[in-house]
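A short worksheet on the structure shown next.
One-based numbering, in listed order, for ligands and for the atoms of each. The first residue in the sequence is number 1, and the count goes up from there.
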Amino acid sequence: MTQITLALSKGRIFEETLPLLAAAGIVPSESPESSRKLIIGTNRPEVRLIIVRASDVPTYVQHGAADLGIAGKDVLIEHGGEGLYQPVDLNIAKCRMMVATPVGFDYQAAVRRGARLRVATKYVNTARLHFAEKGVHVDLIKLYGSMELAPLVGLADVIVDLVSTGGTLKANNLVAVEEIMPISSRLVVNQAALKLKHDTLQPIIEAFRAAAQK
Ligand code: ATP
Ligand code: MG
């Protein structure tokens, strides 16, 4: 029996993946939210789940420590996608990558006059590409979370972050001023595993594809 390992992160991605797993006939034997286990079995003896940080999913799959994984487009862009096959946009964990500024900061005027902008973000590759395409000079400041704070204390002029409702921005007197791209999560597959474990992986990929299209 060919063993299959699927890498997932806790929280929103796990919750939104459960129905897709069910469609593939995979039911986790426990919830990673209540269990502290990092390896979780399923109803299918040949399939196990590993629970990793969202930004680590591509790394586990790239190196073949997991055959499959589910990762946000934000995470995949920062990782680079090397060694990964990305067969299905699962249409889950949807949000938008946005530029946001303090309320009252005239972003369009700053761009027009060619100002150099200090940009705080976890998504430095995405931000670098976006501002380069616009011809805006930036100093990128890498953060690991709570980007909303940076403009409030003078660390940056603008932030690049994921926005869904805008509630966190609003609570911190910030406003989204530009969309960089829509974000959703994708199924990622190790390229070597896809060949070596094709007969086991292909039906799982197809079940995810069918469930995601509904
Ligand atoms: P950690 O919390 O471990 O530092 P993280 O913040 O990247 O990592 P999550 O907040 O669980 O982890 O986000 C996981 C993925 O969900 C992100 O990579 C992104 O694709 C998506 N996501 C993030 N924020 C939202 C949101 N507000 N609405 C919908 N999807 C989101
Ligand atoms: Mg988080």
Side-chain angles (χ1 to χ4, degrees), residues 6-21 28 30-40 49-62 65-66 68-101 119-130 140-151 155-156 158-189 208-209 211-212:
L6 171 68
L8 287 175
S9 54
K10 282 205 259 198
R12 125 186 341 116
I13 290 195
F14 187 84
E15 295 304 322
E16 297 191 36
T17 298
L18 277 176
L20 302 174
L21 285 173
E30 48 198 319
S31 158
E33 312 297 342
S34 50
S35 161
R36 293 188 185 195
K37 284 190 192 162
L38 299 175
I39 300 180
I40 293 180
L49 311 180
I50 61 171
I51 306 301
V52 305
R53 281 289 286 269
S55 47
D56 290 335
V57 167
T59 307
Y60 278 87
V61 178
Q62 172 189 6
L68 306 154
I70 295 176
K73 188 178 175 190
D74 51 319
V75 161
L76 290 168
I77 290 175
E78 292 301 310
H79 171 271
E82 199 193 326
L84 302 178
Y85 175 58
Q86 299 182 28
V88 189
D89 181 349
L90 297 170
N91 263 311
I92 60 168
K94 288 170 89 162
C95 53
R96 295 183 295 164
M97 184 73 75
M98 307 278 294
V99 179
T101 71
V119 181
T121 187
K122 189 161 137 180
Y123 307 101
V124 286
N125 291 339
T126 310
R128 184 180 298 111
L129 200 62
H130 175 70
L140 292 169
I141 300 166
K142 166 81 183 183
L143 291 178
Y144 293 87
S146 302
M147 271 80 85
E148 296 85 1
L149 180 61
L155 178 64
V158 312
I159 63 171
V160 167
D161 198 3
L162 297 176
V163 179
S164 48
T165 64
T168 310
L169 292 179
K170 200 165 181 201
N172 291 290
N173 210 26
L174 301 174
V175 61
V177 292
E178 188 166 76
E179 173 164 340
I180 299 180
M181 66 179 78
I183 298 290
S184 56
S185 287
R186 280 118 209 274
L187 185 62
V188 295
V189 186
F208 271 84
R209 197 196 307 278

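- Two residues are said to be in side-chain contact when any heavy atoms from C-beta on lie closer than 4.5 Å; P58 and V188 fail this criterion.
- Taking only nitrogen or oxygen atoms, main chain and side chain alike, R12 reaches within less than 3.5 Å of ligand 1.
- Close N/O approach between A93 and ligand 1 is found [any backbone or side-chain N/O within under 3.5 Å].
- Within ligand 1, the atoms closer than 4.0 Å to a non-hydrogen atom of V75 are 18 (O), numbered from 1 in the order shown.
- Taking the side chain as every heavy atom from C-beta outward, I92 and I70 approach each other to under 4.5 Å.
- Which parts of ligand 1 touch S164 is read off a 4.0 Å heavy-atom cut-off, strictly below it: atoms 26 (C), 27 (N), 28 (N).
- Annotation: K73 places no N or O atom under 3.5 Å from an N or O atom of ligand 1; distance criterion only.
- Looking at L21 and L6, their side chains come closer than 4.5 Å, going by heavy atoms from C-beta outward.
- For K37, the NZ atom is loosely surrounded, since the number of other residues' heavy atoms within 6.0 Å does not exceed 12.
- With a 4.0 Å heavy-atom cut-off, ligand 1 is reached by the backbone of K94 but not by any atom from C-beta on.
- E82 CD: 12 or fewer foreign heavy atoms inside a 6.0 Å radius.
- Remark: the backbone N or O of L84 is not paired with any side-chain donor or acceptor of Q62 at under 3.5 angstrom.
- Considering all non-hydrogen atoms of both residues, S9 and V57 come closest at N-CG2, 4.4 Å.
- Those atoms of ligand 1 that come under 4.0 Å of a heavy atom in K122, given as number and element, are 5 (P), 6 (O), 7 (O).
- Listed by atom number, the atoms of ligand 1 under 4.0 Å from A54 heavy atoms are 7 (O), 12 (O), 14 (C).
- In summary, the atoms of ligand 1 found under 4.0 Å from a heavy atom of I13, numbered by their order in the structure, are 15 (C).
- Surrounding CZ of F208 are more than 12 heavy atoms belonging to other residues, nucleotides or ligands, all under 6.0 Å away.
- With atom 18 (O) of ligand 1 as the reference point, the heavy atom nearest to it among D74, T165, T168 is part of D74.
- Every atom of ligand 1 is numbered from 1 in the order shown, and the set under 4.0 Å from a heavy atom of G72 is 20 (O).
- For atom 4 (O) of ligand 1, the nearest non-hydrogen atom from the set M97, R186, R53 comes from R53.
- Between A71 and L76 the shortest heavy-atom distance is O-CD1, 3.8 Å.
- The shortest N or O to N or O distance between K10 and ligand 1 is not under 3.5 Å.
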